[in-house]
There are 2 protein chains.
Amino acid sequence: MIRRPTLAVVAEVAGVSLKTASRVLNREPNVAAATRERVLDAAASLGFRRNAVAADLARGGFSRLVGFITGDLANEFYSALASGIERELREHGLQLLTASSDEDPERESSLTGELLERRVGALIVTPAGADHSALRGEIAAGLTVVVVDRPAAGMDVDTVVIDNRGGTRAAVEHLLAHGHRRIAFVGDEPHLWTYQERSDEFLAAMRDAGVSDAERWVRSGAHSAAAARDLVVELLDARHGQARHGQARHGQARDGQAPEPPTAVLAANNRATVGTLQALRDAPGGDGVAVVGFDDFELADLLGITVVAYDAVEMGRRAAELAVARSADPDRPVELVVLPTRVVARGSGEREPR
Amino acid sequence: MIRRPTLAVVAEVAGVSLKTASRVLNREPNVAAATRERVLDAAASLGFRRNAVAADLARGGFSRLVGFITGDLANEFYSALASGIERELREHGLQLLTASSDEDPERESSLTGELLERRVGALIVTPAGADHSALRGEIAAGLTVVVVDRPAAGMDVDTVVIDNRGGTRAAVEHLLAHGHRRIAFVGDEPHLWTYQERSDEFLAAMRDAGVSDAERWVRSGAHSAAAARDLVVELLDARHGQARHGQARHGQARDGQAPEPPTAVLAANNRATVGTLQALRDAPGGDGVAVVGFDDFELADLLGITVVAYDAVEMGRRAAELAVARSADPDRPVELVVLPTRVVARGSGEREPR
DNA sequence: TTGTAGGCGTTATCAT
DNA sequence: ATGATAACGCCTACAA
């Protein structure tokens, strides 16, 4: 195991000083063409490879690495983000360091620590917890932080999100336009920002359409497809309808009001969509119910599922872009990027109510 | 933008030498308890964070980073790999640096270079090209390389693959057991190792079952769902059958033989599966055709698709494990890990031929 | 255009 | 148990 040649060796072989060799290999100006040649030849013949570790240390401050802390890399949404981030970073000569928090705030903060030890120039985060005290200190100390997907409460940092409200409203209006009034909303955990945005706007849109008691059909807890499936099965069961569900906040039956099953479902995330489809397949009274899902997914096309789609790769790219911009100019105003969504009609959302 | 406190500062505040502070923070033995306390206090109060860049440089040789060069991070298979890799690396205090080659050999080699500059301790690669001359030199120089998914031709390195032949044979036998004899094989690009393994074994299994002319139903080029769809539509069109397809190597019609459409399709990768399903939905004569897909996917369950499944996250984990093991002992024998596959019956593969 | 000196923040060696 | 001192490989001044 021979040691790699260093810049000093290259310089010696080329018969120049270390600094001159450095200049050549960094494409700095003010080097005679002949000298450049000699250095390049020497480097090539030695198989020289600059040591980015040493370079970063010498330069001081941050390394040319950017950290990405995600909920779970195996999740297609996060990996799409990672893909967009990596692509953009490369344009700027930066490398991506990824770490999965498993949506665990504690793990998130320990990962943050590890990445900071690596002196990442920026941290791109899909915040798991609500407490970002650790990060706040770092930001004050000059760390660039960009959050994606959900804003970080109480932290004034660059943020990239999608237009959750716009997408939700478009979905609701799409269903309303096809004649639906009894529309159910099946969402993830209520504490998630995206849940709140989407459910709030769902209710607002319904209210604007003259449906004032849409709360009856709002359900949360669809963190997995299985949970979503159960929620929808229950919704479809007209005999119990809304009253049975555990979440008193939303599910209250109004006295004397006939429980009616929804004719359409707005599934507020991709797992909810899958669960909803399972429920519609399995439960009596499931067919004919319209579905619009938030988040596009690969087979939505084949399945004919109407969705609210957006570009996750672009989201990642924009986040990386913000990270780079802020690193270059720490004083620039904080930016909030809101990416558009669009309804992609594929059949499931265009069924008329029976 | 204040500079971070260094170990020297911590030592000074604690009233000890730099080396002692270092010992404490690295949990080295031979430090008096009282001294340890003082150093820990100083570090905490200063908000000290070790600089991994400097540490790696001082230690010399490799950094505590591992590189992963993948075809496309946005692809769910690769991101599953990345997830498994990252999880395993973390156990060993290593961090993951990811880079996407877009399956472009040229890009793969430039990424390799960038990662090597970062002095990664190991490189985990899903090899895109056939030429790995650059890597070979590095391996000779002591770099740990592990390849995943496909072996690297002409390089004797640790490898993790799935049992492509076993999975293929199981799928074929599954279909044979349900009465199919006219089974089509729809695969990716012929130059891919996985294609070769799967198509070879397909033919062997068919031959073993007494079907000697299964080549008639072998198709390649299903790199995208759309391409796969076209291939299957053509296969189903009994009037032209196999003769029409451009790939003379496989598709030759035998003179005087009646063209018969297949009663079952073995889709050799997940995109091929999607395309096949689209074709069966759209083309006349498509329904009733049995399908088994290689690679499991999220909605296979909902769609009732029988697949050859395996654990991609585990694949990544094993690769990382090998990388760690070899870094620790460069002289250990090269290992080839073959992960098992299993047929998951969900309906589409159990249809009897009409 | 080229070179010299000093330092980046650790870890390793070898004393004490 | 502790500490001085020299690497590690490069870059940034600042000369020449």
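In what follows, every chain begins at residue 1, and chains take the letters A, B, ... in the order their sequences are listed.
Atom pair R4(A):CZ and dA7(D):P shows a separation of 22 Å (rounding to whole Å applied). Taking atom CD of E28(B) as the reference point, atom C1' of dT2(D) lies 12 Å away to the nearest angstrom. Protein atom CZ of R119(B) is 11 Å distant from nucleotide atom C1' of dC10(D), rounded to whole Å. Between L7(B) atom CG and dC8(D) atom P the separation is 20 Å, expressed in whole Å. If you measure from atom CG of L57(B) to atom C1' of dC11(D), you get 12 Å, rounded to the nearest angstrom. As a whole-Å value, the separation of N51(B) CG from dG9(D) P is 17 Å.
When heavy atoms are screened at a 4.0 angstrom cut-off, D56(A) is found touching no nucleic acid atom at all.
A salt bridge does not link R38(B) with D41(B): every distance from a Lys NZ or Arg NE/NH1/NH2 to an Asp or Glu carboxylate oxygen is 4.0 Å or more. For R90(B) and E114(A), the salt-bridge test passes: some basic side-chain N is under 4.0 Å from an acidic carboxylate O. Look at D331(B) and R326(B) and you find no salt bridge, because none of the NZ, NE, NH1 or NH2 atoms lies under 4.0 Å from a carboxylate O. A salt bridge does not link E117(A) with R64(B): every distance from a Lys NZ or Arg NE/NH1/NH2 to an Asp or Glu carboxylate oxygen is 4.0 Å or more.
Proximity of L97(B) to V66(B): side-chain heavy atoms (C-beta onward) are nowhere separated by under 4.5 Å.
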Quick one: which protein N/O atoms are closer than 3.5 Å to N/O atoms of nucleotides 3-5 of chain D? Pair and distance per line, please.
from: dG3(D); atom 1: OP2; to: S17(B); atom 2: N; distance (Å): 2.8
from: dG3(D); atom 1: OP2; to: S17(B); atom 2: OG; distance (Å): 3.2
from: dG3(D); atom 1: OP2; to: T20(B); atom 2: OG1; distance (Å): 2.7
from: dG3(D); atom 1: N7; to: R23(B); atom 2: NH2; distance (Å): 2.7

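Contact annotation: R3(A) reaches the phosphate of dC8(D) (side-chain N/O to OP1 or OP2, under 4.0 Å). A sub-4.0 Å separation between OP1 or OP2 of dG9(D) and a side-chain N or O of R49(A) is absent.
Between R59(B) and P29(B), the residue anchored closer to the 5' end of DNA chain D is P29(B), taking for each the nucleotide with the nearest heavy atom.
In the set dT12(D), dA1(D), dG9(D), the nucleotide with an atom closest to the side chain of N30(B) is dA1(D).
Protein chain A contacts DNA chain C from dT1(C) to dG9(C), reading 5' to 3' and using non-hydrogen atoms of the protein with a distance under 4.0 Å.
Considering CG of L73(B) and OG1 of T98(A), their distance stands at 7.0 Å, rounded to 0.5 Å. Atom-to-atom distance recorded for E76(A):CD and N75(B):CG is 10.5 Å, nearest 0.5 angstrom.
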Any chance you could lay out the side chain to side chain donor-acceptor pair (under 3.5 Å) test for T20(A) and S17(A), step after step, and finish with the verdict? CA-CA 5 Å; T20(A) 298; S17(A) 78; 3.2 Å; yes
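Looking at N51(A) and R118(B), their side chains never bring a donor and an acceptor atom within 3.5 Å of each other.
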